[in-house]
Number of protein chains: 2
Amino acid sequence: MVADEDKVFKALADASRRQLLDRLYAKGGLTLGELCEAHDMSRQAVTKHLVLLEAANLVVTVKRGREKLHYLNAVPINEIYMRWIGKFERQRVQALFNLKQALKENDHEQA
Amino acid sequence: MVADEDKVFKALADASRRQLLDRLYAKGGLTLGELCEAHDMSRQAVTKHLVLLEAANLVVTVKRGREKLHYLNAVPINEIYMRWIGKFERQRVQALFNLKQALKENDHEQA
DNA sequence: TTGACATGCAACCGTTTGGTTGCATATATA
DNA sequence: TATATATGCAACCAAACGGTTGCATGTCAA
């Protein structure tokens with residue numbers, strides 16, 4: 001589970017891969033060739049990115065004849081949100097308050 | 001803005017850095033030394049991680065004497081959620097539906 | 001069957017990353 | 001002032017990353 005989480009974070013760490021997800025968000029079922037068209041790199045580079053996205057379960061594929069259709073799977077993103085980002089988000093206002101409070105206390109200590 | 005987004009994603013890509021954020025979430029105002037205690041690496045390694053977290057604006061620091069106090073800043077996480085993850089999250093159910101639909105259509109084509 | 005098309009696999013390569021060690025600097029305290 | 005403590009800076013290194021090129025495999029269509 002934690003290993004999967006790490007895969008997802010690492011998969012999201014690259015701008016090209018986030019772009020691929022954006023494209024699959026806009027339109028599912030694209031082939032490798034179609035995904036390559038919009039990216040300024042070799043087909044093999046795109047393939048490598050897609051392999052990582054698949055490993056992180058962010059992309060699901062279906063083979064149709066000699067083509068491979070790609071679909072976005074947002075579930076892992078949801079999971080990360082639920083068990084990680086949401087925690088910070090829910091505490092955002094509180095954390096800001098704590099920070100300001102700490103800075104204020106620090107001011108007093110230095111004064 | 002996009003460059004910042006990239007910094008945040010890259011900062012979150014490392015498990016050690018996420019751990020540091022977790023610790024600062026649990027308790028703010030920790031010094032570098034205190035942050036090092038729980039991690040099985042050299043102080044300088046932790047420093048490097050904190051530098052990246054600061055550059056991504058995920059951690060804010062205050063110097064107090066010879067100590068440096070670290071605080072979590074969840075704002076960038078919130079921004080990423082707002083303008084990136086939320087998009088996918090909102091479409092999650094719809095995307096699953098689309099995927100199933102596509103698989104069904106694919107079945108029909110192959111049959 | 002033959003040729004074109006879509007994808008897969010593997011070797012290679014420069015750069016970035018995550019870590020180390022050694023030394024320098026700044027601050028607190030006896 | 002002298003010494004211990006907390007942090008900063010820089011050089012170095014192995015491994016991972018993001019990309020390339022070349023070739024192999026599988027599938028459609030004439």
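Order of the sequence lines sets the chain letters (A, B, ...), proteins ahead of strands, with each chain counted from 1. Computed from heavy atoms alone, side chains included, the values below leave out hydrogens, waters and symmetry copies. Being a predicted model, the structure only gives us computed values, none of them experimental.
- The side chain of B:T31 lies closest to D:dT7, out of C:dT7, D:dT7, D:dT20.
- Between B:K68 and D:dG8 there is a side-chain N or O to OP1 or OP2 distance below 4.0 Å.
- B:V60 approaches B:N73 most closely through the heavy-atom pair CG2-CB, 3.8 Å.
- Side-chain N/O atoms of A:R43 include none lying less than 4.0 angstrom from OP1 or OP2 on D:dG19.
- Atom CZ in A:F9 sits about 16 Å away from atom P in D:dC17, given to the nearest Å.
- Between the CG atom of B:L69 and the P atom of D:dA6 there is a distance of 13 Å, rounded to whole Å.
- Counting atom types as modelled, B:R66 pairs no side-chain N or O with a base atom of D:dT7 as donor and acceptor under 3.5 Å.
- Minimum atom distance to the side chain of A:R17 is reached by D:dG18, of the listed C:dG8, C:dG18, D:dG18.
- When each of A:E67 and A:L52 is assigned the nucleotide of DNA chain D bearing its nearest heavy atom, the one mapping closer to the 5' terminus is A:L52.
- Tested against A:P76, the residues A:L12, A:V8, A:L53 include a single side-chain contact (heavy atoms from CB on, under 4.5 Å) partner, A:V8.
- A heavy-atom distance below 4.5 Å is not found between the side chains of A:H39 and A:H49.
- A close approach under 4.0 Å does not occur between any side-chain nitrogen or oxygen of B:S42 and OP1 or OP2 of C:dG19.
- No hydrogens or angles were tested; on distance alone, a donor-acceptor pair under 3.5 Å links the side chain of B:Q44 to the base of C:dG22.
- The CE-P distance, from B:M41 to C:dT21, rounds to 14 Å in whole Å.
- A residue-by-residue look at B:A45 and A:L32 shows that A:L32 has its nearest nucleotide of DNA chain C further toward the 5' end.
- Close to D:dG19, at under 4.0 Å from its OP1 or OP2, lies a side-chain N or O of A:H49.
- Atom NE2 in A:H70 sits roughly 9 Å away from atom C1' in C:dT7 (whole-Å rounding).
- Listed pair B:K10 / C:dT17 fails the phosphate criterion, with no side-chain N or O lying under 4.0 Å from OP1 or OP2.
- The salt bridge (charged side-chain N to carboxylate O under 4.0 Å, His left out) test with B:E54 singles out one residue from B:K7, B:K68, B:R17, and that residue is B:K68.
- Linking ILVMFWY residues whenever their side-chain heavy atoms come closer than 4.5 Å, directly or via other members, places A:L32 and A:L30 in the same cluster.
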